[in-house]
Amino acid sequence: MKSTGVRRGGTSAEVGCALSRPVPWRWKDAFRRPVGIRRDGRRVVRPGSATGECDRRAHGDRGAADAYDGVRSHPERRMRLSKSRFTAGLQCARLLWWRVHEPDAPELAPDETRQAVFDQGHRVGAAARARFPGGVLIDLPHDAFEQRVTATRAAMDGGAPAIFEASFVADDTFVAVDALERRPGGWRLVEVKSSTRVKTQHLQDVAVQVHVVRGSGVPVESAEVMHVNRACTYPDLSDLFARVPVLPEVERILPGVPGRLRAQLAMLGGDLPTVAIGLHCEEPYPCPFQGRCWPEWPADHVRRLYFVGKRSWELAANGYTSIDRLPDGMTLHPAAERQRRALRLGRRIVEPTLAVALERLVGPLAVIDFETVSPAIPVWDGCHPYDPVPAQFSCHAQEADGAWTHHHWLANDTADPRPELIRRLADACRGARTILAYYAPFEAGVLAQAALAFPKLHDPVQSILDRIVDAHPLVRDHVYDPGFNGSFSLKAVLPVLVPGLGYDDLPIAEGQAASRHIERMLFGDPPPHGAERRALRDALRRYCERDTLGVVRLVETLRTLAAGAAGPV
DNA sequence: GCATCAATTTCCAATTGGTA
DNA sequence: TACCAATTGGAAATTGATGC
């Protein structure tokens, strides 16, 4: 919900910046229209309200279109839009233009993480089909439009109770409906989503399908979003899906669909359009072409302000582009305030409070890290869709003499990994008085859930939870280095505070990639074998080990910094 | 994609303050 | 005293950052 900037019960919030007495800065003050009305009736212009550089940059065409004149000069193909193109076009005209005119753009090739999301979606889609007995799949090549439409008609005429990938064309737009279900009074259109709830963008998705299906002469009497149901608990998968009727909401959107389709087709007939960058670059989905439209944000740009989120767009639009030029009265998150000070000083800030915070870390220490798998369709007892289940851990544990020993375990088959993992982890942490994890709520949550599923594991889990401490606030609440670029994630912090200990040298360098590889190793069809499997397991071990070693070195660095900060400045 | 936690914002009702 | 606007404070909802 977007803030209107006006509170209930009065209009005076509209004139806040010009009140005669000082008022505390509120975030929304930065976002109101650049021109306000003072209580005395005079117009005021807020500072920095001239055309923002943000807008000027947005016009920064890179001439990419020129390279594709050849594509554009081809004779017009009649069928230009599809369901996914339509929704892309709703997000941004440039995104749609590039998708159509430059389909082989490297930005459009899914990276490992996006591919994993798509794969998960395909598995969910296949499971959804099993919920429609007797359904017929239109199993033809993706781009065989005419044959698919013909096959769909044949299936409808042949009395199929449900048709998967039911294909239709109208208004130069092709859609393939996930499931079209025969009903007494017509047909029910079902859109399958691997999300756990209906989202607003799903409604547009359904709307364009209803428009095209009805435009093909097929009566659509209801429409549903069929999404994954988090309440479902393995082994009972009978309620894996929830089905939500959405036709009333969709009917409200439908009148606008033909105009949007026409506008998109007209836009595609022209040159690359100009669109200002903004929030739509990130919502509802991060645009793969950000690299073409966005400048390289300087270290002091408000885009890099910690905890700023989408407000950065409004700040920039109102002329506030530099963090150190934000008004002094603007209250920031304490870490963002420290970031602003560090940028103004041009150096790292270490608060004297760091030493106090480090006193909590009573040795011997252990540092732990998990890698998890979160299948949309649960596979182990007591699990719900997307529950993260630990399948690998790394632990650096301090011996009595202060030396570090590394412990590690990685699942190797489809058995539930939790009992074995927790037994080994409890062993590894036996001598530790403090157990550190970076962003410990994640590890703690995963452990607590395992104890719920396996009551026998309660005691070892509780013993770990009693000693666990989060390393993340040690950095966020006490240290800022301009090299952090507004992030306190381990991947942002470690290369700055522990130079030389990054992730660049590792074949697997990121948690989501690790998760995807573990899933492939355990459930792949076929799973990797032989040398490939050994290499994969080695890469996973090295990644997880780097995370815990990183926290070990990080704590050492923090102790050195704290000792320096405690002395005379 | 999802979950969690903490921070922030919004909402709503109660209270306070000013004016007629 | 009645009324309205402004302020306050707590609850609920949303957002942002982090993890996978």
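In what follows, every heavy atom counts, from backbone to side chain, and hydrogens, waters and symmetry copies are set aside. Naming convention: chains lettered A, B, ... in sequence-line order (proteins, then strands); numbering from 1 in each chain.
- You'll find that the side chain of A:Y543 is closest to C:dC20, out of B:dA7, C:dC20, C:dT18.
- One atom, NZ of A:K310, and another, P of C:dT14, lie 11 Å apart when rounded to the nearest Å.
- Taking 4.0 Å as the cut-off between side-chain N and carboxylate O, A:R516 and A:E519 do not count as a salt-bridged pair.
- Using a 4.0 Å heavy-atom criterion, one finds that A:G309 contacts the sugar-phosphate atoms exclusively.
- Within the 4.0 angstrom heavy-atom criterion, base atoms lie near A:Q512.
- Each of A:P334 and A:P284 has a nearest nucleotide on DNA chain B; the 5'-most of these lies closest to A:P284.
- Between the side chains of A:W313 and A:E282, at least one donor N or O lies within less than 3.5 Å of an accepting N or O.
- The residue A:S374 sits apart from the nucleic acid: no heavy atom pair falls under 4.0 Å.
- Of all nucleotides listed (B:dA6, B:dC2, C:dC20), C:dC20 comes nearest to the side chain of A:E371.
- Under 4.0 angstrom from either OP1 or OP2 of B:dC2 there lies at least one side-chain N or O belonging to A:T196.
- For A:H333, taking side-chain heavy atoms from C-beta onward, the closest of the listed nucleotides B:dT8, C:dG19, C:dC20 is B:dT8.
- Note on A:P441: only backbone sugar-phosphate atoms sit closer than 4.0 angstrom, heavy atoms only; bases stay farther off.
- Atom CZ in A:R418 sits about 15 Å away from atom C1' in C:dC20, given to the nearest Å.
- A:E545 pairs by the side-chain contact (heavy atoms from CB on, under 4.5 Å) definition with A:S394, A:H396, A:H406, A:R541, not counting sequence neighbours.
- Residue A:D119 is classed as having no contact, given no heavy-atom separation below 4.0 Å to the nucleic acid.
- Applying the ring pair (Phe, Tyr, Trp, His ring centres under 6.0 Å) test to A:H472 and every residue at least two apart in sequence or in another chain returns A:Y438, A:Y439.
- Across all strands shown, A:D470 has no heavy atoms under 4.0 Å from either base or sugar-phosphate atoms.
- As a whole-Å value, the separation of A:D477 CG from C:dA17 P is 15 Å.
- Taking a cutoff of 4.0 Å between a charged side-chain nitrogen and a carboxylate oxygen, A:D505 and A:R546 qualify as a salt bridge.
- For A:K199, a side-chain nitrogen or oxygen approaches OP1 or OP2 of B:dC2 to under 4.0 Å.
- Distance A:Y439 OH to C:dG16 P: 14 Å, rounded to the nearest Å.
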Would you be so kind as to tabulate the donor-acceptor pairs closer than 3.5 Å made by side chains of residues 365-378 of chain A, with sequence neighbours excluded?
none

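- Remark: A:R341 pairs with A:E351 by the salt bridge (Lys or Arg N to Asp or Glu O under 4.0 Å) rule, at least two apart or across chains.
- Look at CD on A:E510: it is 10 Å from P on C:dG19, rounded to the nearest Å.
- We find that NE2 of A:H472 is positioned 12 Å from P of C:dC20, with the value rounded to whole Å.
- For A:F442 and C:dT18, the CZ to P distance is 15 Å, given to the nearest whole Å.
- DNA chain B lies under 4.0 Å from no heavy atom of any residue of residues 486-499 of chain A.
- Between A:R311 and B:dT9, a side-chain N or O to OP1/OP2 separation shorter than 4.0 Å is present.
- As rounded to whole Å, 17 Å separates atom P of B:dA3 from atom CD of A:E443.
- Remark: A:R230 is in phosphate contact with B:dA3, judged by side-chain N or O atoms under 4.0 Å from OP1 or OP2.
- For the side-chain contact (heavy atoms from CB on, under 4.5 Å) test, residues two or more places apart in sequence or in another chain that qualify with A:T414 are A:F523.
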